[in-house]
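Just so you know, ligand 1 is whichever comes first in the structure, and atom 1 is the first atom listed for that ligand.
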Amino acid sequence: GIVILDFGSQYNQLIARRVREMGVYAEVVPFHEDVDKILAREPKGIILSGGPASVYAEGAPSLDIKLFQNNIPILGLCYGMQLITHLHGGKVARADKQEFGKAELELDDKNHILYKDIPNKTTVWMSHGDHVTEMAPDFKIIAHTDSSIAAIENNDKNIYAFQYHPEVTHSQHGFDMLKNFVFGIAKAEKNWSMENYIESTVKQIKERVGNKQVILGLSGGVDSSVAAALINKAIGRQLTCIFVDTGLLRKDEAKQVMEVYAKNFDMNIKCVNAEERFLTKLAGVTDPETKRKIIGKEFVEVFNEEAKKIEGAEFLAQGTIYPDVIESVSVKGPSVTIKSHHNVGGLPEDLKFELLEPLRELFKDEVRKVGRELGIPDYMVDRHPFPGPGLGIRILGEVTKEKADILREADAIFIEELRKADLYNKVSQAFVVLLPVKSVGVMGDERTYEYTAVLRSANTIDFMTATWSHLPYEFLEKVSNRILNEVKGINRLTYDISSKPPATIEWE
Ligand code: XMP
């Protein structure tokens, strides 16, 4: 496959996803990985990612020059191009005019393999402060923009580089240029598909597990569900899924999970009703982080108790996916904890299990493909993410059963209407929040004094930043009418128009 060396670019996972979309396996490895270990992977090609550093800065990420001596095709992107130039004796300097955003690329070598089927002029995405000012000996310019050398090559050494980012969609023919590298130069083979992945993973699971027992914490979310379906395909009833109903789940969630997975997939699922335990522990607690800790701790306890009842369980399966595994090169330094994330299915520390993580190599969109391939219905595979602490952090202030029931009804209406209006898949995450605020209203001739709820809908790519969804007024009106008329306990509804930052997606 293709190895992507990570120099700290926010786009490095995107490069890997683009290559995989071509049907070629790609993995992301930190730039300081030992060269021999990189070579041991027998990569067909190596891509050096961009990064925020300057090659002349003290401690700037660099490379063992040995990497260039194996005749493996190398493509440097942005910082990768500057580093290649620097290490081969050329010069890099701060540009007078920093290029940021769209730029027009003009080809100097129209017949170059990298530019097969690419027009002479095309738009590319630039994002750099430094650029190449003096070419390294034996390197040739193959494309430029108004203000920069945009692409270079050294055919004898099999080294190529772009100053721009072909991996982002703003680069009009970027995907084709990457393809030209992957197939035209690196001569990679197409053998990465989800059908193959399922087949080989099922085989591996069978071999590894033998006749032993496996347990898995099923949350109903995409990752744990797809992991369960895959393992179920391999070993059937040797897998026991533990589904904990915390009392903080969405409306009919337990019912739905049992219907889809226990019934249709004949999965072995133990559904534990722990509502009372959770609500008792949460009584009187209002601080968000304290609520998270209580819910996380209680979850592990319930899970442990159930796990101990399963005789001969030696494996603990988890829905860990590739972005959780990539050892990312941090360039921002230690970050403060905004929210301590707790995930349902988190590893119980005092249990001695072997881990089984069949999705470790997959990106989220690949996990969804596997899910579909295995026959999980779209409405389960395309679900928005749901936080581990569930409604516990969507009921602001103290959590009670009364409030959880009110919130469940309102949330179900919002989601149902989003689906009906074909909007559910156009937003990234939508839900209702219940505030500990009561206000005066009127119903018939009666005065009411009831809770205020908030509709929240966010659009985001990575959940690190987000904008609020511009839902149509007519749609909001419909949702408002339904919630205020149908849900007892809510007499006022608002729409959250905060972006992240400075707000966050959840309210706690
Ligand atoms: P925020 O609110 O930080 O949320 O903008 C970003 C994403 O993370 C989810 N989230 C959580 N997920 N445990 C989780 O498993 C948590 O404690 C938690 N808090 C936030 C949130 O739903 C959104 O998708």
Side-chain angles (χ1 to χ4, degrees), residues 10 13 216-227 243-250 253 257 278 281-282 285-300 302-303 318-321 323-325 328 332 335-348 359 363-365 367-368 381-397 399 404 407-408 411 414-415 418 424-435 454-469 496-508:
Q10 54 173 329
Q13 293 192 21
L216 174 145
L218 183 67
S219 71
V222 179
D223 301 342
S224 69
S225 303
V226 174
F243 179 85
V244 180
D245 186 345
T246 57
L248 305 168
L249 301 177
R250 288 164 290 188
E253 191 141 23
V257 163
F278 279 86
K281 287 270 160 65
L282 286 169
V285 182
T286 55
D287 175 65
E289 282 303 289
T290 313
K291 287 200 267 182
R292 273 195 174 77
K293 290 207 179 81
I294 290 172
I295 297 166
K297 184 162 169 278
E298 196 62 20
F299 183 86
V300 171
V302 174
F303 188 86
Q318 289 187 321
T320 314
I321 68 173
D324 308 330
V325 177
S328 63
K332 293 194 205 86
S335 57
V336 289
T337 304
I338 311 287
K339 298 174 190 190
S340 59
H341 281 205
H342 138 74
N343 272 307
V344 167
L347 178 63
L359 310 177
F363 286 110
K364 193 86 175 188
D365 40 356
V367 171
R368 294 205 160 99
V381 170
D382 291 330
R383 280 181 122 185
H384 295 165
F386 185 64
L391 303 186
I393 55 164
R394 291 181 179 172
I395 295 167
L396 269 64
V399 179
L407 178 53
R408 262 188 281 270
D411 189 73
F414 187 29
I415 299 302
L418 280 167
Y424 185 82
N425 288 324
K426 299 197 173 100
V427 303
S428 312
Q429 194 173 13
F431 50 91
V432 179
V433 174
L434 194 71
L435 302 186
V454 183
L455 302 179
R456 177 63 159 157
S457 180
N459 283 62
T460 172
I461 299 198
D462 55 9
F463 294 89
M464 303 294 286
T465 62
T467 54
W468 53 277
S469 315
D496 183 352
I497 52 168
S498 322
S499 63
K500 172 184 181 176
T504 52
I505 297 173
E506 305 283 351
W507 274 49
E508 283 195 334

Trainee: Should Arg394 be counted as touching ligand 1, given the test is an N or O pair under 3.5 Å?
Mentor: no
Trainee: When the aromatic ring centroids of Tyr424 and His384 are compared, is their separation below 6.0 Å?
Mentor: yes
Trainee: Counting heavy atoms only, name the option from Glu506, Arg292, Met464 that's nearest to atom 19 (N) of ligand 1.
Mentor: Arg292
Trainee: When only distance counts, is Pro385 in polar contact with ligand 1, meaning an N/O pair under 3.5 Å?
Mentor: no
Trainee: Name the atoms and distances for all side-chain donor-acceptor pairs under 3.5 Å in residues 385-392, with sequence neighbours left out.
Mentor:
none

Trainee: Only heavy atoms count here, so choose which of Gly392, Pro389, Pro387, Gly390 is nearest to atom 12 (N) of ligand 1.
Mentor: Pro387
Trainee: Is it true that Ser224 and Ser219 share a donor-acceptor pair across their side chains at a distance under 3.5 Å?
Mentor: yes
Trainee: Can any side-chain N or O of Arg292 pair as donor or acceptor with the backbone N or O of Glu508 at less than 3.5 Å?
Mentor: yes
Trainee: At less than 4.0 angstrom from any non-hydrogen atom of Lys500, what atoms of ligand 1 do you find?
Mentor: 1 (P), 3 (O), 5 (O), 6 (C)
Trainee: I'd like to check which ligand 1 atoms, numbered from 1 as shown, lie under 4.0 Å from a non-hydrogen atom of Gly388.
Mentor: 13 (N), 14 (C), 15 (O)
Trainee: Side chain to side chain contact (heavy atoms under 4.5 Å, CB included) with Asp287: which residues, sequence neighbours excluded?
Mentor: Glu289, Thr290
Trainee: Under a 4.0 Å threshold between the charged nitrogen and the carboxylate oxygen, would Lys293 count as salt-bridged to Glu298?
Mentor: no
Trainee: Suppose I only count heavy atoms of Thr504 and a 4.0 Å limit; which atoms of ligand 1 are within that range?
Mentor: 1 (P), 2 (O), 5 (O)
